[in-house]
Amino acid sequence: MRIATWNVNGLRARLDYITRWLEDRQPDVVGLQELKTPDELFPHDYFKELGYEALVHGQKSWNGVAILTKVPATLTGTGVANQDAFGSRLITANIDDKVSFTTVYCPNGKNLEHADFAGKLGWYDDLTQQWQLLSDGPAHRIICGDFNIVPKAIDGWRGEAGEGSIFYTAEERSRLQTLMDTGLTDLFRHKYPYAQEFSWWDYRGGAFHRKHGLRIDFILATSGLIDLTEEIVIDRDYRRKIDDLTASDHAPVYADIAL
DNA sequence: ATGTCCTAACTATTAGGA
């Protein structure tokens, strides 16, 4: 089973680009973030023609997450408890009764002085609490998405020079670590302990070509899935322009798991 | 380097992104 995560930066503006990627990579399950699309405008029929059912937790203008799936799936939850003010950022489904699949769009935080920074930390606290409380359903669980945190210096182009700035703070990293301490493994970092690969590059200033990126999009999985993971790829070719189609500022990330 | 770029929105300028 090929599972994936992708912050598409506007689903409707990205529809043709997303189609190219789906046809080329043929993922079975995809967590999408930053739909910027209200539920009533989600193109269910379009994805159905491509072979995907869509489970959607959207909103007007901003945020929004969805799960595309080729295999039978059941929606089991949306949203982080007590965090409605941050918008639509989490959706969970049981995939074929084999794995619980969650995708998240974690808050950005803006800057260290902004109220959203403290809010980001609180959002993570509530996410972890909710994650721990979820006890029924499949034992295999995946949470993937745009986490908006650089886990280690190697995961950002600025390296050690970035330490302490937003995305690189000890406060943010401790929140991510607390979530991981519930029994989650970063599949990319586990398979490639020393690789420097990025999943996001700023649109501005030629950041992609200057290799000024961050690795902030992860697939986190429970321990039973580690040995079942055959490959994990940050698909950076799909951060490039295709013909006249503009890419998202995030690359897709996918894993092939023997489920 | 608060320069740059992209999206959505009460279509023109602004907010948000990371």
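Numbers restart at 1 for each chain; the letters A, B, ... are given by sequence-line order, proteins then strands. Side chains included, hydrogens not; waters and symmetry mates left out as well; all remaining heavy atoms used.
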* Could you say whether A:Ala13 or A:Pro107 is positioned toward the 5' end of DNA chain B, judged by the nucleotide with the nearest heavy atom to each? =>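 Result: A:Ala13.
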
* Pick the nucleotide of DNA chain B nearest each of A:Asn63 and A:Leu11; which residue has the one closer to the 5' end? ->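 So the residue in question is A:Leu11.
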
Ignoring backbone atoms, test whether [X] places a side-chain nitrogen or oxygen under 4.0 Å from the OP1 or OP2 oxygen of [N].
{"X": "A:Tyr105", "N": "B:dA18", "answer": "yes"}
{"X": "A:Arg210", "N": "B:dT4", "answer": "no"}
{"X": "A:Asn148", "N": "B:dA18", "answer": "yes"}
{"X": "A:Lys110", "N": "B:dG17", "answer": "yes"}
{"X": "A:Lys60", "N": "B:dC10", "answer": "yes"}
{"X": "A:Arg204", "N": "B:dC6", "answer": "no"}
{"X": "A:Asn7", "N": "B:dA18", "answer": "yes"}

Interatomic distance at [atom1], [N] relative to [M], whole Å:
{"N": "B:dT14", "M": "B:dT2", "atom1": "C1'", "value": "16 Å"}
{"N": "B:dT7", "M": "B:dA18", "atom1": "P", "value": "14 Å"}
{"N": "B:dA15", "M": "B:dC10", "atom1": "P", "value": "14 Å"}
{"N": "B:dG17", "M": "B:dT4", "atom1": "C1'", "value": "14 Å"}

How many Å lie between [atom1] on [X] and [atom2] on [N], as a whole number?
{"X": "A:Asn111", "N": "B:dG17", "atom1": "CG", "atom2": "P", "result": "11 Å"}
{"X": "A:Glu113", "N": "B:dT2", "atom1": "CD", "atom2": "C1'", "result": "14 Å"}
{"X": "A:His212", "N": "B:dC5", "atom1": "NE2", "atom2": "P", "result": "16 Å"}
{"X": "A:Trp62", "N": "B:dA8", "atom1": "CH2", "atom2": "C1'", "result": "8 Å"}
{"X": "A:Gln59", "N": "B:dA15", "atom1": "CD", "atom2": "C1'", "result": "14 Å"}
{"X": "A:Phe208", "N": "B:dC6", "atom1": "CZ", "atom2": "C1'", "result": "16 Å"}
{"X": "A:Asp146", "N": "B:dG16", "atom1": "CG", "atom2": "C1'", "result": "13 Å"}
{"X": "A:Asp249", "N": "B:dA8", "atom1": "CG", "atom2": "P", "result": "12 Å"}

* Hey, is CG on A:Asn111 packed in by over 12 heavy atoms from elsewhere, all under 6.0 Å? -> yes

* Asked: Under the 6.0 Å and 45° cation-pi test, does A:Arg158 pair with A:Tyr168?
  ->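 Yes, cation above the ring, under 6.0 Å and within 45°.
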
* Does A:Arg141 count as lying over the ring of A:Trp131, i.e. NZ or CZ under 6.0 Å from the six-ring centre, within 45 degrees of the axis? ->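 Geometry flag: set, cation within 6.0 Å and 45°.
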
Reckon [X] touches a base, only the sugar-phosphate, or nothing at all at heavy-atom distances under 4.0 Å?
{"X": "A:His114", "result": "nothing"}
{"X": "A:Thr246", "result": "sugar-phosphate"}
{"X": "A:Leu214", "result": "sugar-phosphate"}

* A:Ile143-A:Val56 co-clustered via ILVMFWY side chain contacts under 4.5 Å -> no

* Counting side-chain heavy atoms from CB outward, which of B:dA18, B:dC6, B:dA8 is closest to A:Arg14? -> B:dC6

* **Side chain A:Glu34, main chain A:Asn9, donor-acceptor under 3.5 Å** => no

* To do: Would you check if the side chain of A:Asp28 reaches a backbone N or O of A:Arg2 as a donor-acceptor pair within less than 3.5 Å?
  => yes

* To do: Determine which nucleotide pairs with B:dT7, using a 3.5 Å limit on both distances of a Watson-Crick or G-U wobble pair.
  => B:dA15

